[in-house]
Amino acid sequence: MKDFVSLTINGQKVKVLKGTTLFEAAKQVNINIPHLCFHEGLSLYGACRICVVEIEGRARLEPSCTTLAEEGMVVRTNTWRVRRARRMIVELLLANHPEDCFTCERNQSCELRELAYDLGVRELRFKKGRKYHYPLDLSSPAVIRDPNKCIQCSRCIRVCLEIQGVGAIDFVNRGGRTQVLTFFNKGLNNVECSNCGQCILACPTGALREKREVDEVWKAISDPKKFTIVQTAPAVRAAIGEEFGLPPGTLVTGKMVSALRRLGFDRVFDTQFSADLTIVEEAHELIERIEGKGILPMITSCSPGWIKYIEHFFPQCLEHLSTCKSPQQMFGALAKTYYAQKIDIPPEDMYVVSIMPCTAKKFEARREEMKASGFRDVDAVLTTREAARMIKEAGIDFVNLEDEDFDEPLGISTGAGVIFGATGGVMEAALRTAYELLTKKELKEIEFKQVRGMQGIKKAEVLINGLKLKVAVAHGLSNARILLEEVKEGRSPYHFIEIMACPGGCLGGGGQPLPTNLKVREARANALYREDRNKGIRKSHQNPALIMLYKEFLGKPLSDKAHHLLHTSYVSRGLGN
Amino acid sequence: MKERLKQILNSYHNQREALLPCLHLIQKEEGGLSEEIALFLAKELNLPPVEVYSVASFYSMFTVKQQKAKYIIRVCVSLPCYLKGSDKILEVLHKELGINSGEVSADKKFFIEEVSCLGACGKAPVMLINETLYDNLTPEKVREIISQLKDENSTEEYSQTGL
Ligand code: SF4
Ligand code: SF4
Ligand code: FES
Ligand code: FES
């Protein structure tokens, strides 16, 4: 067994694979070593030194996150020397840190605050520490950076480069003047940032956060002239319970609906309705492209982070994108036309709010292209976290709420709409519909397990009417890049590609509760697939509200009216701006 | 400029190692890195643009053309200079020029920057004004230097420096 090494940690014998860090080895004997710059899924950095341990025979304390376990090592993670060193590091970080925890957006999710508490820091000893007064980066409608709260762990830089393949931010300057900045300090909105918000999920402090729209929404709710409509994305119901102490993977659809009604929204609708609509439009577009020899592969267009990414990095591939708007935008466009007519309320008096697991949706809602009704399709976008805060602010006892149902008709959805929130879900939903459209036969085996799960790129082949339909699914933009290089070079073997900007899909979006890690993502995905199984109807084109919508209003899929309201175009952006 | 940079890039097979030699040339020939050239290098080297900016900003001797000022005053605030009173030097500069560190004077003539060790600790405290090093500084000496620079009248425009 020479691939294993044995060592002792705090007197306990541990056997681990060669190449395991002390940090990971300690986990195996249920010891959690505090850490700041270490972050799941990212390269090792070894900068903060919070994770130091004592190793017998070595004079210095060593960082456990980068030190590999060796045969016979004797490690102590909890000695006086170690504790003193860790405490000192936190105290020094606090010496430079703004003392405004009360009003910090990340008050409940700050790892620095938690560490200070856990490590027994009970006094700010270094009072003369230099506090910074750098300007905030407020350029982006989605993500805000406050350099004054940055502890320079580089987690945001690494997630942006390694997981998202974007590289919008990096350390600039040196020593005490180091800051995390964008290219020439132009601001996140003026560089190739995708607005995905993965950096927010990675940041241990309040240095990164979403642009808050809570107060705009409160204002609209209390304005008697405004008819407020709220829509909620699939991934929200699988996660918002976490904000109220429920375990990850708890489905709270009914409670969420009651809570939103209690906040005062006039209608509580479901983005899953328009997700079904997206599927029907997109499946027809795919068939049209395959039969009419249009541009293939066709690539999904529902993830706004992904859209901004392709506009910057692969502008030559824009024609591969489906022209379908995302479900959020389709919903808004229909609310202010179809539904406005139905209930006879002028669209200018409507205020459409969406609750999204996503920060990039804030950017999407503000795009120039998204005004099909003559008004902004969507007026305000709240992240899952912001919505939870409103519910708390309103004093609603979320956990004990009775379940309620969405309003009709824009609240009616199928199982295919539910799984939109997970990587592979759009593909699976589209296949369910495309199969039946092409074969005119009932699809019996409706679960396409090959495209489920957390593997970065998933591939499948489906036989439909003698056509071997080749599909691929990627999540996380660095995985998307791999598929896009093939498309760019004209050697992509696929007909249809699904891409979601965030790891895990929307359920791992930048607007979701913290922490969002692999385990949490998996739990949320399971919840969505459970909800799919519980739905009576699991194919988008069978959604009765949708059938009515086409009959009463749109005519048929890809009709002129559908094109005008539900489809869009893209912008070529390029790098550095 | 781009042609000459291409030569350097070629000799390094467009690997990232070419970045520092390129920055040296840019500094010598153009007095600092502009956005346009940074973007050019990023594309050639297949690096995120911000990484080029990051590297250039790391070294005090490279300037990033961002703020327009004729004189870029870089005051070392690392430990040895600090012990020898760099804070007093800064105080005088702030007062004489009416700006804080990181700011440009209204006439676009002066920009004060606090930097890390300039490698002249033996003669601490030190400051660098554009390419000239001033050492063994005292508040009096600083006042004198500044009043000389203030007096001379010239209209050339300089554009340089990091944040
Ligand atoms: S929002 Fe996404 S793309 Fe933008 S800086 Fe953060 S991680 Fe990078
Ligand atoms: S912004 Fe947050 S994640 Fe990025 S370096 Fe600073 S503290 Fe770390
Ligand atoms: S967590 Fe190990 S050095 Fe930061
Ligand atoms: S500390 Fe100032 S020059 Fe080295």
Side-chain angles (χ1 to χ4, degrees), chain A residues 128 130-135 137 139 145 147-148 150 152 154 156-194 199 309 312-315 477-478 481 485 488 573-577, chain B residues 16 19 32-68 72 74-82 86-87 90 100-103 111-119 159-163:
Chain A
K128 284 211 194 129
R130 170 172 173 162
K131 306 285 184 202
Y132 295 97
H133 300 283
Y134 293 125
D137 180 354
S139 62
R145 275 207 73 254
N148 304 306
C150 175
Q152 296 170 4
S154 101
C156 56
I157 298 173
R158 282 175 284 154
V159 94
C160 189
L161 187 66
E162 295 168 11
I163 308 293
Q164 297 303 62
V166 173
I169 43 181
D170 204 346
F171 285 130
V172 173
N173 295 325
R174 185 166 55 143
R177 278 152 305 280
T178 307
Q179 283 191 67
V180 178
L181 288 178
T182 51
F183 183 60
F184 276 73
N185 197 15
K186 292 169 74 163
L188 285 170
N189 202 37
N190 307 315
V191 296
E192 52 278 9
C193 165
S194 73
C199 51
Y309 177 87
H312 282 294
F313 291 91
F314 295 93
L477 290 171
S478 56
R481 179 182 285 254
E485 291 290 352
K488 184 170 125 190
R573 297 180 197 267
L575 286 191
N577 50 51
Chain B
R16 56 193 297 142
L19 184 53
L33 179 70
S34 67
E35 219 179 289
E36 186 201 339
I37 297 288
L39 210 52
F40 167 78
L41 287 177
K43 284 183 183 152
E44 291 291 324
L45 295 168
N46 201 12
L47 292 173
V50 71
E51 198 167 327
V52 174
Y53 177 53
S54 167
V55 170
S57 74
F58 182 84
Y59 299 98
S60 321
M61 299 303 167
F62 290 141
T63 31
V64 176
K65 289 188 184 175
Q66 197 161 42
Q67 228 111 12
K68 285 199 192 302
I72 309 301
R74 296 194 172 86
V75 183
C76 170
V77 292
S78 286
L79 192 61
C81 283
Y82 180 77
S86 58
D87 51 339
L90 275 170
N100 279 318
S101 303
E103 291 176 0
F111 174 72
I112 309 174
E113 188 181 19
E114 299 175 22
V115 299
S116 304
C117 183
L118 291 169
S159 64
Q160 28 185 222
T161 203
L163 292 168

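All values below were derived from every heavy atom in this structure, side-chain atoms included, with hydrogens, water molecules and symmetry-related copies excluded.
- Distance CG/A/Leu575 to CG/B/Leu47: 11.5 Å, rounded to 0.5 Å.
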Problem set entry | Step-by-step salt bridge (Lys or Arg N to Asp or Glu O under 4.0 Å) determination, B/Glu35 to A/Lys186 | CA-CA 10 Å; B/Glu35 219 179 289; A/Lys186 292 169 74 163; 2.8 Å; yes

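- A 4.5 Å side-chain heavy-atom check between B/Tyr53 and A/Asn185 finds at least one atom pair inside the cut-off.
- For B/Ser101, no part sits under 4.5 Å from any heavy atom of chain A, backbone or side chain.
- By the 4.5 Å heavy-atom criterion applied to side chains, B/Pro48 and A/Leu161 are counted as neighbours.
- Looking only at distances, a side-chain donor or acceptor of B/Ser54 sits under 3.5 Å from a matching main-chain atom of A/Phe171.
- No side-chain donor-acceptor contact under 3.5 Å links A/Arg174 to the backbone of B/Tyr59.
- Under the 4.5 Å side-chain criterion, counting only non-hydrogen atoms from C-beta, B/Phe58 is not in contact with A/Val172.
- Looking at every heavy atom in both residues, B/Ser116 comes nearest to A/Gly175 through OG-CA, 4.2 Å.
- Note: A/Phe184 CZ to B/Leu33 CG = 4.5 Å, rounded to the nearest 0.5 Å.
- When every heavy atom of A/Leu181 is checked against every heavy atom of B/Val50, the shortest pair comes out as O-CG2, 3.3 Å.
- Closest of all the heavy-atom pairs between B/Val115 and A/Arg177 is C-NH2, 3.4 Å.
- A 6.0 Å sphere centred on CD of A/Glu485 holds more than 12 heavy atoms belonging to other residues, nucleotides or ligands.
- When heavy atoms are compared at a cutoff of 4.5 Å, A/Ile157 does not approach chain B at all.
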